[in-house]
Amino acid sequence: MTGKKPWAGRFGEPTDAFVEAFTASVGFDRRLYKYDIAGSIAHAEMLAEVGVLKDKECESIVHGLREIEQEIDGGNFAWSTELEDVHMNIEARLTDRIGEVGKKLHTGRSRNDQVATDIRLYLRDAVDAIAQALLGLQQVLLDLAEKEHQVIMPGFTHLQTAQPVSFGHHMLAWFEMLQRDSGRFADCRKRINIMPLGSAALAGTTYPIDRHVTAAKLGFDAPAENSLDAVSDRDFAIEFLSAAATLAMHLSRFSEELILWSSAQFDFVDLGDAFCTGSSIMPQKKNPDVPELVRGKTGRVYGNLMALLTTMKAQPLAYNKDNQEDKEPLFDTVDTMLDCLRVYTDMMAVIQVKADNMQAAANRGYATATDLADYLVGKDIPFRDAHEVVGKVVAFCIEQQISLEQMLLEDLQGFCDKIDQDVYAVLSLQGSVNARNHLGGTAFEKVLSAVARARQRLQD
Ligand code: ARG
């Protein structure tokens, strides 16, 4: 394959060897090859439709490109750093294979609109793959919420026991966060799916191109309106990275809980041996490496967002070589998110819930104190007074080392004479959970109906 630069005509000296390596992107952008070839085929076919290429020339180009795709698929393509990037590698190979007519492919386009198009096609697929993976994880969470909806755990604020909740309700909280993540990806997909091709280097082209034809062939919603904007901005990629950073933040919070819950101190869940590792020195250890690593990877995902924001911040219109730096953060983020979602889906499918331990923990923290206060309000005691009475009852329980439920009626009546036998119904964990029986509440039956609605929402 010839390593001759397309711009050799204007240059008197060859490129410095290190500069060649420094400026090349083929080491990482080769993964765009399928999109690059699809874009080139659509471009060539459009050129033939408007009469810029002869049908025979177009056929030969399309055939050559398909063969090159097979070469790359099969690992039989010799990538060359001298040819800088995926675009020039493929174009040079095309001319190798089909001769002079290969040189006509680049009529009416530039690598600037070519690369912008390739990234959008790549990212559109990536968003679809992430959406699928998110859906899989959401389904696992719904199954778990349904199966364990009667398990009661302490709900926390400030990581202190607050009020008892259904474990299913807790899982549904994660479902909702992922549902919004999914919405963010779907929303940024609309702005990804706009076609730069035809913008050429920056100002458009003198050939009578039909951009609607190319856009339709590539499945874009529309051609971009402004050529300068289309070749240069990467805000669609920033939006994607931002949606990914938010998803990573959610998975990191989730991980934090799983790490706590699998500790000997909480002992709420068992993550499954297949998802943990041991220690080389401490024989008793079973470490929650998977959630820890997912939490740790949040750093690189946030970093990738900051990297591209910063790459873009001082660029004048239109394309600048700075833009070449858009790819690695994108690729890394896509790979990282797909890996995290996959491992999470598999891990959550086999997680074991230790219902007795959760229930015992909820019993330890006076989790039904608010219910007692609400009970007193029902007996016509103002909430602020009720709050104070219950505070004293809790202090008494702490001193006696008993739970609220274990208090004798006469002792309770010592704090407030309006308390009756019926108080025990509200002091139980089950009574407390099921009293929150409204849309969005934690009552068992509401958790089940929320699961049913969530399944419906996933189909809409
Ligand atoms: N490898 C380049 C990139 O990723 C392709 C576009 C190069 N355009 C140029 N005018 N040098 O951005």
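Every number for a ligand or one of its atoms is a count from 1 in the order of the listing. Note that the coordinates shown come from a computational prediction; the quantities given were computed from them, not determined experimentally.
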Practice problem: Return the residue, atom name and 0.1 Å-rounded distance of the protein heavy atom closest to atom 11 (N) of ligand 1. | Solution: R111 NH2, 3.4 Å
Exercise. Would you mind listing which atoms of ligand 1 come within a distance below 4.0 Å of any non-hydrogen atom of S25?
Key: 1 (N)
Exercise. Could you tell me whether the side chain of N320 and the main chain of P316 form a donor-acceptor pair under 3.5 Å?
Key: yes
Quiz prompt | L202 backbone acceptor or donor facing S227 side chain under 3.5 Å | solution = yes
Quiz item: Please walk me through it: do H43 and Q114 pass side chain to side chain donor-acceptor pair (under 3.5 Å)?
Solution: CA-CA 10 Å; H43 179 67; Q114 196 179 349; over 6 Å; no
Exercise. Write out the residue and atom name of the closest protein heavy atom to atom 2 (C) of ligand 1, then the distance separating them to 0.1 Å.
Key: Q324 OE1, 3.3 Å
Practice problem: Using distance alone, decide if ligand 1 has a nitrogen or oxygen within less than 3.5 Å of any nitrogen or oxygen in Y319. | Solution: yes
Quiz item: Does an N or O anywhere in K321 fall below 3.5 Å from an N or O of ligand 1?
Solution: no
Quiz item: Looking only at protein heavy atoms, which one is nearest to atom 9 (C) of ligand 1, and how far off is it?
Solution: N112 OD1, 3.4 Å
Quiz prompt | Parallel, tilted or perpendicular, as decided by the 30° and 60° cut-offs, for the rings of F167 and W261 | solution = tilted
Quiz item: If we only count N/O pairs under 3.5 Å, is D85 in contact with ligand 1?
Solution: yes
Self-check item: F254-Y344 aromatic ring centre distance below 6.0 Å
Solution: yes
Quiz item: Within the distance-only criterion (no hydrogens, no angle test), does the side chain of D16 pair as donor or acceptor with the backbone N or O of V19 below 3.5 angstrom?
Solution: yes
Quiz prompt | Test of proximity, K327 against ligand 1: N or O pairs below 3.5 Å | solution = yes
